[in-house]
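What you see below is based on every heavy atom in this structure, not just the backbone, and it leaves out hydrogens, waters and symmetry mates.
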Amino acid sequence: QVQLVESGGGLVQAGGSLRLSCAASGRTFSSYNMGWFRQAPGKEREFVAAINWSGRMIYYADFVKGRFTISRDNGKNTVLLQMNSLKPEDTAVYYCAAGGVGSSKYAGDYDHWGQGTQVTVSS
């Protein structure tokens, strides 16, 4: 089991950058696969990026490739999402997720979720 606390969201102008951070509890963090998802009002939760337990396998949604970077520091029990070249359509609540079934783009494969952090990108 793991508990997740997210931070770093906020309001940014189009073309700007934000770095989201997810702090995980417990010393077993390194055994979890981690993912970032987002959900806009009236939309289903969608996959953003994922990283496996070792950090060697990374997956991105097509719409963020070249703009977002996921990373993890198992020593600090954190996972980061660096977001560059933000667009208004990136506006959503961003969620950190942890799972033990393998790195996945499917929300149902994750067992633990953070509370979410709001990202708003203005035109």
Side-chain angles (χ1 to χ4, degrees):
Q1 70 281 1
V2 63
Q3 291 182 313
L4 309 174
V5 179
E6 296 149 297
S7 62
L11 175 64
V12 66
Q13 204 169 38
S17 298
L18 284 174
R19 174 169 288 203
L20 305 184
S21 178
C22 176
S25 65
R27 64 178 184 176
T28 61
F29 173 75
S30 62
S31 68
Y32 286 92
N33 304 290
M34 303 295 298
W36 286 96
F37 292 77
R38 69 187 189 186
Q39 188 167 20
K43 300 287 187 177
E44 294 184 354
R45 188 155 51 190
E46 64 180 350
F47 169 76
V48 176
I51 186 167
N52 83 324
W53 65 271
S54 68
R56 293 181 177 179
M57 300 179 68
I58 295 174
Y59 309 92
Y60 294 105
D62 288 341
F63 58 81
V64 304
K65 288 181 179 177
R67 299 191 299 126
F68 293 7
T69 302
I70 187 171
S71 62
R72 69 189 297 163
D73 187 333
N74 290 340
K76 296 180 179 179
N77 288 359
T78 59
V79 60
L80 303 175
L81 184 68
Q82 177 66 47
M83 305 186 295
N84 299 323
S85 301
L86 284 163
K87 306 173 182 179
E89 51 263 44
D90 294 319
T91 296
V93 176
Y94 283 70
Y95 296 92
C96 177
V101 299
S103 184
S104 174
K105 66 178 182 179
Y106 301 107
D109 289 335
Y110 292 84
D111 304 308
H112 309 280
W113 295 84
Q115 79 285 354
T117 185
Q118 175 70 234
V119 172
T120 302
V121 184
S122 62
S123 301

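Asp109 approaches Ser104 most closely through the heavy-atom pair OD2-OG, 2.7 Å. Across Tyr110 and Ala50, no two heavy atoms sit closer than the pair OH-CB, 3.5 Å. Nearest approach of Ala49 to Tyr60, heavy atoms of both residues: CB-CD2, 3.6 Å. In plain terms, the two heavy atoms of Arg45 and Ala107 that are nearest each other are NE-CB, 4.2 Å. Contact between Arg72 and Asn33 at its shortest, heavy atoms only, is NH1-CA, 4.1 Å.
One finds the CD atom of Gln13 at 13.5 Å from the OG1 atom of Thr120 (value rounded to the nearest 0.5 Å). We find the SG-CG distance between Cys96 and Leu81 to be 9.5 Å, quoted to the nearest 0.5 Å. Gln39 CD to Tyr95 OH: the interatomic distance, rounded to the nearest 0.5 Å, is 5.5 Å. Going from atom CE of Met34 over to atom OG1 of Thr78 covers 9.5 Å, rounded to the nearest 0.5 Å. Between the CG atom of Asn77 and the OH atom of Tyr32 there is a distance of 11.5 Å, given to the nearest 0.5 Å.
Taking the side chain to side chain donor-acceptor pair (under 3.5 Å) definition, one finds that Ser31 meets it with nothing, sequence neighbours left out. With sequence neighbours excluded, no residue satisfies side chain to side chain donor-acceptor pair (under 3.5 Å) with Ser7. Applying the salt bridge (charged side-chain N to carboxylate O under 4.0 Å, His left out) rule to Arg38 yields the partners Glu46, Asp90; only residues at least two apart in sequence or on another chain are considered. Residues passing the ring pair (Phe, Tyr, Trp, His ring centres under 6.0 Å) test with Trp113, sequence neighbours excluded: Phe37. Among residues two or more places apart in sequence or in another chain, the side chain to side chain donor-acceptor pair (under 3.5 Å) test is passed with Lys65 by Asp62.
The hydrophobic clustering, which links ILVMFWY residues whose side-chain heavy atoms are closer than 4.5 Å, places Phe68 and Trp36 together. Connection of Val2 to Val5 is not established within any shared hydrophobic cluster, with ILVMFWY side chains joined at heavy-atom distances below 4.5 Å, either directly or through further cluster members. Leu80 is not connected to Tyr59 by any chain of hydrophobic side-chain contacts under 4.5 Å among Ile, Leu, Val, Met, Phe, Trp and Tyr, and they are in different clusters.
Using modelled atom types, one side-chain atom of Asp73 and one backbone atom of Lys76 make a donor-acceptor pair closer than 3.5 Å. At distances below 3.5 Å, at least one donor-acceptor pair connects side-chain atoms of Asn74 with backbone N or O atoms of Trp53.
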Item to check | Val119 and Val93: CA distance, side-chain angles, deciding distance, side chain to side chain contact (heavy atoms under 4.5 Å, CB included) verdict | outcome: CA-CA 6 Å; Val119 172; Val93 176; over 6 Å; no
Next on the checklist: The test is side chain to side chain contact (heavy atoms under 4.5 Å, CB included); show your working for Arg56 and Ile51 and say whether it passes.
Outcome noted: CA-CA 7 Å; Arg56 293 181 177 179; Ile51 186 167; over 6 Å; no
Checklist entry - side chain to side chain contact (heavy atoms under 4.5 Å, CB included) between Tyr94 and Met83: does it pass, once the steps are laid out? => result CA-CA 11 Å; Tyr94 283 70; Met83 305 186 295; 3.9 Å; yes
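Within a 6.0 Å sphere centred on CD of Glu44, heavy atoms belonging to other residues, nucleotides or ligands number 12 at most. Crowding of Gln115 atom CD: a count of heavy atoms from other residues, nucleotides or ligands under 6.0 Å exceeding 12. Summarising the local packing, OH of Tyr106 is surrounded by 12 or fewer heavy atoms from other residues, nucleotides or ligands at distances under 6.0 Å.
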Donor-acceptor contacts under 3.5 Å from residues 14-23 side chains, at least two apart:
residue : atom : partner : partner atom : Å
Ser17   : OG   : Asn84   : OD1          : 2.9
Arg19   : NE   : Gln82   : OE1          : 2.6
Arg19   : NH2  : Gln82   : OE1          : 3.1

